[in-house]
Chemist: 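My questions all concern the structure below.
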Amino acid sequence: MTTRGFPEGFAWGVATSAYQIEGSTAADGRGTSIWDTFAHTPGRVLNGENGDVANDHYTRYAEDVALMASLGVGAYRFSLSWPRIMPGGTVNQGGLDFYRRLADTLLEAGITPYATLYHWDLPQELEDAGGWPARDTAYRFADYAAVVREALGDRVKHWFTVNEPWCSAFLGYASGDHAPGLRSPELAVRAAHHLLLAHGLAAPVLREGDGLAGAAPNLYAVSPASDSELDLDAARRIDGLQNRFFLDALLRGSYPEDVVRDLAPFGFEDVVQAGDMELIGGPIDFLGVNYYSRHTVSAESDGGVVATSPFASASPWPGASHVSFVHGGRPVTDMGWEVDPGGLHEILTRVAKEYPSVPLYITENGAAYVDTVVDGEIDDHERLSYIEAHLAACHDAIADGVPLKGYFAWSFMDNFEWGWGYGKRFGLVHVDYETQKRTPKSSARWYGQISRQNGLP
Ligand code: LGS
């Protein structure tokens, strides 16, 4: 019986991204991305793992879509690989054909496609030309958006421009934990602005006709470790860079003044040009929210860090490199991230209250746990509880008036977890990488049931 029903038409989805599942990195004219280069550089990914084969989704997509459909999932958020579609800057029909086939297969199965244009796999030649710190990359992204809109717009109506621009900018260019692995706060702040500019240039292109578009930043609940002035300031800085920088830009068309001040030592003010903020704050149809955890923030520099890769060394926080992250006393997942569904409610109600109204989606939420296969079954009750608690938080937020339109569990299946390689499993579906066998975990069957009945018991 359903006692906590969701609004009619709520999208119940699962999510993945191209580099994390596709494999076939040399097939049908695909070019090289910064993640190919990074993963093949010793010491960047745990155990030297890479996405060359991954989940072999490029050849197994039909089987994967059939499994999604059999579970009862109604929506699928995947990403398009830019180097498959425009290797070397020219259109590659072979790459577009793959996504046409994928979209057709989804539509035939009654699953609505939601496509993300950028989930971290920048074409290597664009990195060689300066990457996201170079303004020109944003214009190349707009060209790519036009190609994608033209080729897939008859099938795909829901678009996300950039996934987690915070990660691309600050893990990619400041801490070096993600590709391209650079350690320069000056480059990172430039990258952050140009990722947002890329969104601002691409959104109108994707919204032409009946297209609907938005961005998908990763937002965190943030609290100070104590009410000391120093801790409060540390929390302001982290909340500023993680949340308000992106929310203010996208939904108000301006950067928060205090964050601009924090970033001034890194040359941020010279990066923004006239007209940029109007583009970045231009109309969108929805905002995606990726939510995983809470940061509890201290100004004591001897506290911990939040692990973003097994090799983390430099800080991803320009203007807040003195800040540390302390344990807030909640249970943690296999990533060491604290489980805090209340933080999701806090973020959703905050966005709805403090910003101009825009429909929201949870574009990612989920957890890694160590799964054990017993007689071919995986009873992942911790993952199931994590998702159930976060869905309850969504239900509460909707009751409080938040215009939440859908939820995408991260992830449909276990996959390549960036710097952590294949060791961390976020999937509702288990993947045996030796055989590529997919086995739905208990959480997958449960989530399918919730999707079908449009509500929690
Ligand atoms: O697989 C990624 C998931 C897993 O956890 C996905 O590709 C990303 O879009 C997303 O970043 N994902 C994710 N996020 C949690 C990030 C926690 C990092 C904490 C570091 C903060 C300093």
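Atoms within a ligand are numbered from 1 in the order they appear, just like the ligands themselves.
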Chemist: Polar contacts were defined as any N/O atom of the residue lying under 3.5 Å from an N/O atom of the ligand; does this apply to Y220 and ligand 1?
Modeler: no

Chemist: Could you check, using the six-membered ring where one of them is a Trp, whether W317 and H322 have ring centers closer than 6.0 angstrom?
Modeler: no

Chemist: State if W418 counts as touching ligand 1 under the rule of any non-hydrogen atom under 4.0 Å.
Modeler: yes

Chemist: Is E364 close to ligand 1, meaning an N/O of one under 3.5 Å from an N/O of the other?
Modeler: yes

Chemist: Considering distance alone, does some N or O of W166 sit under 3.5 Å from an N or O of ligand 1?
Modeler: no

Chemist: Taking the six-membered ring of Y369, is NZ or CZ of R425 closer than 6.0 Å to its centre and within 45° of its axis?
Modeler: no

Chemist: What about the rings of H193 and Y255, do their centers lie closer together than 6.0 Å?
Modeler: yes

Chemist: Answer yes or no: does an N/O atom from Q20 fall short of 3.5 Å to an N/O atom of ligand 1?
Modeler: yes

Chemist: I want to check a possible cation-pi pair here: R190 against F266, using under 6.0 Å from ring centre and within 45° of the ring axis as the test.
Modeler: no

Chemist: With a cutoff of 4.0 Å, is H295 in contact with ligand 1, counting heavy atoms of the residue only?
Modeler: yes

Chemist: Need the ligand 1 atom indices (1-based, order shown) with element for anything under 4.0 Å from a heavy-atom of H119.
Modeler: 6 (C), 7 (O), 8 (C), 9 (O)

Chemist: Please could you name the atoms of ligand 1 that F426 approaches to less than 4.0 Å, counting only its heavy atoms?
Modeler: 4 (C), 5 (O)

Chemist: List ligand 1 atoms under 4.0 Å from N163, heavy atoms only on the residue side.
Modeler: 9 (O)

Chemist: Among W410, F416, W337, which one puts a heavy atom closest to atom 5 (O) of ligand 1?
Modeler: W337

Chemist: Are Y19 and H119 near enough that their ring centres are under 6.0 Å apart?
Modeler: no

Chemist: Are W166 and F245 an aromatic pair, judged by ring center distance below 6.0 Å?
Modeler: no

Chemist: Find out whether the Lys NZ or Arg CZ of R44 is both under 6.0 angstrom from the six-membered ring centre of F311 and within 45° of the ring's axis.
Modeler: no

Chemist: Indicate yes or no: does an N/O atom of W120 lie under 3.5 Å from an N/O atom of ligand 1?
Modeler: no

Chemist: Do Y114 and F408 have their ring centres less than 6.0 Å from each other?
Modeler: yes

